[in-house]
There are 2 protein chains.
Amino acid sequence: MFKELDPLLHSQLRLAVISILIGTEEADFVFIREKTASTAGNLSVQIEKLREAGYISVEKSFKGKMPRTTCRITPAGISAFEKYVDALHSYLQPK
Amino acid sequence: MFKELDPLLHSQLRLAVISILIGTEEADFVFIREKTASTAGNLSVQIEKLREAGYISVEKSFKGKMPRTTCRITPAGISAFEKYVDALHSYLQPK
DNA sequence: TAAACCAGTTTATAATATAAACCAAATATT
DNA sequence: AATATTTGGTTTATATTATAAACTGGTTTA
């Protein structure tokens, strides 16, 4: 009846991060922090979890002299998101 | 951009409970435990949290000699669920 | 009458989310 | 030129949560 909800995605901030990355080719740390209105510490932790799980890739580089962290969703991330959305529907459409 | 997800509903088991109650006039503890495939302990805790929040009402009675706990969703529960579903959409439909 | 079962509750524990504190480097201020 | 502030994060600590294990009070079965 009710499908499992991937605990990695069933988190407000991580879901927001994935949602952003699904929509855009890539996004950097600062952009995501602003869009999600999250603290840097929290975001850092959640990005690392998504990276560990293989749902996103993270690339560190420099924009001029300032560091930049760029995130992209991976195929595994896309399919996990699709599966999560599908599972959610088993909770949202009663009966 | 991203709407708040009511933390009381953003929980697999509590969401399942509400989902069941939205669909049926009332449901008892055992029925919910079976439908959600949860342990009695976990369900007991989550039902109490939903009751505290005023999202469901809980009535204790007897079916013959055995105790029975019947749950019903309240108007507050219905509107919280609707709000939650609406907020979720801000995460599911990218852009 | 004792063992097993039912319908839960309470309590303990492990995992999670989150913010606070920190760090190194860059930039702005006096 | 020194000092303060900002930037872009990471690490660590804490409070909350989800969950299962242990328990309770009563019932049915052997």
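Keep in mind that the numbers below use all heavy atoms, side chains included, and drop hydrogens, waters and symmetry copies. This one's a predicted model, so the numbers in the text were calculated from it and none came from an experiment. In what follows, every chain begins at residue 1, and chains take the letters A, B, ... in the order their sequences are listed.
- Look at A:Lys49 and you'll find a side-chain N or O under 4.0 angstrom from OP1 or OP2 of C:dA17.
- One can place CD of B:Gln12 at 13 Å from P of C:dT16, the figure rounded to the nearest angstrom.
- Within a 6.0 Å sphere centred on CD of A:Glu52, other residues, nucleotides and ligands contribute more than 12 heavy atoms.
- For the pair B:Leu15 CG and D:dA18 P, the interatomic distance rounds to 12 Å; values are reported in whole Å.
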Check step by step if side chain to side chain contact (heavy atoms under 4.5 Å, CB included) holds for B:Val17 and B:Cys71.
CA-CA 9 Å; B:Val17 170; B:Cys71 304; 5.9 Å; no

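- The distance between atom NE2 of A:His10 and atom C1' of C:dA15, rounded to the nearest whole Å, is 15 Å.
- In this structure, a donor-acceptor pair under 3.5 Å is present between the side chains of A:Lys60 and A:Thr69.
- The CD-C1' distance, from A:Glu48 to C:dA17, rounds to 16 Å in whole Å.
- With respect to A:Lys83 and A:Asp6, no salt bridge is recorded, no charged nitrogen being found less than 4.0 Å from a carboxylate O.
- Separating the CZ atom of B:Arg51 from the C1' atom of C:dT9 is a distance of 13 Å, rounded to the nearest angstrom.
- Of the residues near DNA chain C, B:Ser44 and A:Phe62, the one whose nearest nucleotide (by heavy atom distance) lies more toward the 5' end is B:Ser44.
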Quick tally for nucleotides 20-30 of chain D: nucleotides whose base has a protein heavy atom under 4.0 Å get B, sugar-phosphate-only ones S, the rest -, giving BB-----SS--

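- Rounded to whole angstrom, the span from the NZ atom of A:Lys60 across to the P atom of C:dA25 amounts to 15 Å.
- Residues B:Glu59 and B:Arg68 are not paired through a salt bridge, judged by the lack of any N-O separation under 4.0 Å between the basic side chain and the carboxylate.
- Within the 4.0 Å cut-off from OP1 or OP2 of D:dT7, not a single side-chain nitrogen or oxygen of A:Arg68 is found.
- The closest donor-acceptor contact from the side chain of A:Ser19 to the backbone of B:Leu92 lies at 3.5 Å or more, if one exists at all.
- At a threshold of 4.0 angstrom between heavy atoms, the contacts of A:Gln46 include nucleobase atoms, whether or not backbone atoms are also involved.
- Distance B:Ile47 CD1 to C:dT9 C1': 12 Å, rounded to the nearest Å.
- In this entry C:dT18 has D:dA13 as its Watson-Crick or G-U wobble partner, both defining distances falling under 3.5 Å.
- For the OP1/OP2 pair of C:dC6 and a distance below 4.0 Å, the side-chain nitrogens and oxygens of B:Arg33 include no atom meeting the criterion.
- Between the CZ atom of B:Arg14 and the C1' atom of D:dT17 there is a distance of 8 Å, rounded to whole Å.
- Without hydrogens or angle criteria, B:Arg33 side chain to B:Asp28 main chain gives no donor-acceptor distance under 3.5 Å.
- Here B:Lys63 lies out of heavy-atom contact (under 4.0 Å) with every strand.
- Mapping A:Thr69 and B:Ser11 onto DNA chain D by nearest heavy atom places A:Thr69 at the nucleotide closer to the 5' end.
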